[in-house]
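Let me begin by presenting the structure, written as C-alpha cells, before commenting on it.
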Amino acid sequence: MVALARELDMLEEGQQGPKELEVEMISPLSKVSFRNFSVDLSDQPASPTHAATEFLRGALAKTPIDLEELSMALEQAKRADVDSMLLLRGEDVFMELIEKQAAVTRLATALQNRMLKDLRQAIAKAETSKIGPDEFPDASGCGIVKRAKAVVEQEELAAMEELRRSLNAGVRHQAPILTFEPGNVVTPEESEREELLRFNQDWMGKWEGRSAAILKPASTEEVSAVLRYASEKNLAVVPQGGNTGLVGGSVPVHDELVLSLLRMNQVEALDTRSGIVTVQAGCVLEQLDQYLAKHDFMVPLDLGAKGTCTIGGNAATNAGGLRYLRYGSLRGNILGLEAVLADGKVVNSLSALRKDNTGYGLPQLFIGSEGTLGVITKLTILCPTRPKAINIAFFACSDFENVQRTFALARQNLGEVLSAVEFCDRAAIDFVLKREAGTGVRDPLEETYPFYAGT
Ligand SMILES: Cc1cc2nc3c(=O)[nH]c(=O)nc-3n(C[C@H](O)[C@H](O)[C@H](O)COP(=O)(O)OP(=O)(O)OC[C@H]3O[C@@H](n4cnc5c(N)ncnc54)[C@H](O)[C@@H]3O)c2cc1C
C-alpha cells in the first residue's frame with residue numbers, strides 16, 4: 001500500500017510514472033504476497049484532492065498573497081482532504097495575514113488620531129505581527145511602521161518641549177501645568193551642566209543618562225501632578241532618592257524625567273511609646289537616625305551610603321545593611337507606606353499599626369520594587385530602642401574557616417545582643433590603605449593577617 005501511495009503521489013505531482021502500476025501487496029496478517037496486482041490509471045480525470053492541492057499551492061505562491069483567494073483555497077482543501085501538512089501551512093499563513101491586516105488597521109487609526117499611547121501600542125503590535133519597517137508604504141515609499149515611529153518621536157519631543165517651557169515659565173511666572181519654586185527644578189536653561197550631571201550619572205560613574213528636566217517635588221500632590229502629566233504625555237520618569245544605588249536603576253537610560261525625592265525630607269510624626277515613625281521618602285537615612293537618636297530610638301537599618309541614601313530609596317531597593325542580623329529586613333519593619341502610581345493616583349497604605357492583619361499587604365509590593373510600580377512618598381517604620389552601649393570587637397583570622405567560627409561563637413555567646421558581623425580580607429585592607437594614603441588611615445593591627453572580622 002505504501003508503494004501504491006508513493007506511485008499515486010508521483011502521478012499527482014505530474015511526474016513520469018508507469019501507466020500500468022505493478023505493486024506487491026503484503027498482508028501483515030497472513031504474510032502472503034500477491035504479485036502482479038495492477039491498476040490502469042491512464043484515462044482517470046484529475047481527482048478533487050489534486051485540484052484542491054493545486055489551488056492551495058497556487059494561492060500560497062502568489063506575492064502578495066490574495067487573502068480572499070487563500071480563504072477559498074483553504075475551504076476547498078478542507079473538503080477535499082488535502083495533505084494535512086500543506087493545509088496546516090496554509091492556515092498558518094492565513095492567520096498571520098489576518099493578524100497583520102488587523103495590526104495595520106490599528107496603526108492607521110492611531111496615526112490618524114496621533115495619540116501617543118495608542119501609537120506606541122499599535123507599533124508594538126505591528127512589530128509582533130512581523131510587519132517590516134518598509135511594508136505597507138505610502139505614496140512616498142515610507143513603510144507604515146517607520147511613519148508611525150517618526151510621528152511618535154515628533155510627539156514626544158513636542159510634549160517634552162511643552163513641559164520644559166511650562167517648567168521654565170513655572171519658575172518665573174507660576175504657569176499652570178506644574179508650579180515649582182525657583183531652584184526646585186533643574187533644566188539646562190536654569191542650571192549648569194554639573195548640576196544636571198549629578199542627577200544623570202550614578203555613584204560609580206558607570207551609567208549616564210541625558211535628562212534635561214530634573215523635578216524636585218515637595219509634596220505627594222506635586223509627585224502626583226508630575227506623574228499624571230507624564231502619563232498623559234507618555235513621558236518616561238525615573239524616581240531618584242540619594243542616587244547611591246550601584247546598579248544604574250536611579251539614573252535615566254535616555255532622556256527620562258528625573259523625579260528627585262530629596263525635598264520630601266520631613267519626619268512627620270514619631271510615636272514615642274511604640275517607636276513608630278512616619279517619614280517622607282526623601283529623608284536621608286542618617287538624618288532620620290539622628291532625629292530618632294534624640295528620642296532614644298534608631299532606624300533598624302544602617303549602611304555605608306547612610307549620609308546620602310534616602311529612606312524611600314532604601315525601601316525601594318529593600319536594602320539590607322549592617323543591622324540586618326539583629327533587626328531583620330525592611331519588609332518586617334516597614335508597617336505602611338504611601339505611594340503614587342504611574343497615572344498620578346495616590347495609594348494610601350500608611351498604617352501605623354504593628355499588628356495590622358487586614359486586607360492585602362500592599363506595602364510589601366512596593367518594598368524592593370525599585371520604582372517600577374510607583375513612587376513611594378511616605379513610610380511608617382517600626383524603630384527599635386537605641387542600645388545604651390555599643391561594644392565593637394575586631395579579630396584577626398588565619399583563614400576563612402576561622403572567620404566562620406568567629407561568627408558562630410559570637411552568636412552563641414552574645415545571642416540577640418549581637419547586632420552586626422562584618423568581615424574582609426587582606427586585599428581589601430591593602431586597597432583602602434593605598435587609596436587613603438596620607439590621610440592618617442593606618443593598618444588596624446601591627447601584623448598582617450589573611451582575614452579580619454568585626455562584631
Ligand atoms: C558606599 C555604598 C555602600 C552601600 N552599602 C549598601 C549596603 O550595605 N546594603 C545595601 O543593601 N545597599 C547598599 N548600597 C546601595 C544603596 O545605597 C542602597 O541601594 C540604597 O538603599 C539606595 O537608596 P537611594 O536613596 O540612594 O536610592 P537611589 O539610588 O536613588 O535609587 C535606587 C532605586 O530605587 C528607586 N527609588 C528611589 N527612591 C524611590 C522612591 N521614593 N520611590 C520609588 N522608587 C524609588 C530608583 O528609581 C532606583 O531604581 C550602598 C551604596 C553605596 C554607594
Side-chain angles (χ1 to χ4, degrees), residues 198-207 209 211 214-220 222-224 226-227 230 236-253 256-266 279-289 299-325 327-331 333-334 337-342 346-347 349-350 362-379 381 419-424 428 431-432 435-436 454:
R198 205 161 72 78
F199 295 93
N200 269 299
Q201 198 178 53
D202 80 304
W203 189 81
M204 306 262 272
K206 266 197 203 164
W207 290 279
S211 174
I214 318 295
L215 309 179
K216 300 180 189 173
S219 66
T220 304
E222 286 185 0
V223 172
S224 170
V226 171
L227 291 186
V237 177
V238 55
Q240 191 179 89
N243 195 12
T244 67
L246 303 170
V247 292
S250 52
V251 288
V253 178
E256 302 91 299
L257 298 174
V258 175
L259 186 76
S260 167
L261 275 295
L262 287 179
R263 281 180 68 228
M264 290 192 63
N265 57 7
Q266 300 299 306
V279 60
Q280 294 180 349
C283 187
V284 169
L285 177 60
E286 193 171 41
Q287 284 166 9
L288 177 60
D289 201 47
V299 191
L301 169 79
D302 185 18
L303 46 87
K306 65 181 169 195
T308 315
C309 66
T310 61
I311 193 69
N314 299 148
T317 56
N318 191 19
L322 299 176
R323 293 175 183 160
Y324 194 101
L325 199 63
Y327 300 106
S329 83
L330 279 179
R331 288 199 182 280
N333 295 310
I334 292 177
L337 54 77
E338 177 193 80
V340 184
L341 304 183
V346 178
V347 176
S349 260
L350 209 54
L362 279 182
Q364 292 297 327
L365 278 179
F366 285 90
I367 299 169
S369 66
E370 296 185 60
T372 54
L373 297 181
V375 176
I376 300 168
T377 42
K378 287 179 196 172
L379 305 107
I381 306 167
S419 67
V421 173
E422 292 267 301
F423 83 92
C424 65
F431 180 80
V432 174
R435 202 187 139 110
E436 301 295 318

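First listed ligand is number 1; within each ligand, the first listed atom is number 1.
- Around the CH2 atom of Trp207, the shell of radius 6.0 Å holds more than 12 heavy atoms that belong to other residues, nucleotides or ligands.
- The protein atom (non-hydrogen) at minimum distance from atom 46 (C) of ligand 1 is Pro239 O, 3.2 Å.
- Among protein heavy atoms, atom 1 (C) of ligand 1 sits closest to Trp203 CH2, 4.0 Å.
- Put simply, the side chain of Asn333 gets close to the backbone of Tyr327: a donor and an acceptor are under 3.5 Å apart.
- Checking side-chain atoms of Arg331 against main-chain N and O of Asn318 turns up no donor-acceptor pair under 3.5 Å.
- Looking only at heavy atoms of the protein, atom 36 (N) of ligand 1 is closest to Ala316 CB, 3.7 Å.
- Closest to atom 41 (N) of ligand 1 among all protein heavy atoms lies Ile376 O, 3.0 Å.
- Judged purely by atom type and a 3.5 angstrom limit, Gln240 uses its side chain to pair as donor or acceptor with the backbone of Ser250.
- In terms of protein heavy-atom proximity, atom 7 (C) of ligand 1 is closest to Leu303 CB, 3.6 Å.
- Among all non-hydrogen protein atoms, the one lying nearest atom 52 (C) of ligand 1 is Ala305 CB, 3.6 Å.
- Atom 26 (O) of ligand 1 has Thr244 OG1, 2.7 Å as its closest protein atom, hydrogens excluded (heavy atom only).
- Evaluation of the salt bridge (Lys or Arg N to Asp or Glu O under 4.0 Å) test over residues 367-379, restricted to residues two or more places apart or in two chains, returns Glu268-Lys378.
- The contact set between ligand 1 and Leu261, taken as ligand atoms under 4.0 Å from a residue heavy atom, comprises 41 (N).
- Shortest contact from atom 33 (C) of ligand 1 to any protein heavy atom: Thr317 CG2, 3.7 Å.
- Within 4.0 Å of atom 29 (O) of ligand 1, at least one protein heavy atom is present.
- Contact analysis puts Gly374 in contact with ligand 1, with a non-hydrogen atom separation below 4.0 angstrom.
- At under 3.5 Å, not a single nitrogen or oxygen of Cys309, backbone or side chain, sits near a nitrogen or oxygen of ligand 1.
- The option with the heavy atom closest to atom 21 (O) of ligand 1, from among Asn314, Leu246, Leu262, is Asn314.
- Close approach of ligand 1 to Gly313 (heavy-atom distance below 4.0 Å) involves ligand atoms 21 (O), 23 (O), 24 (P), 25 (O), 27 (O), 37 (C), 38 (N).
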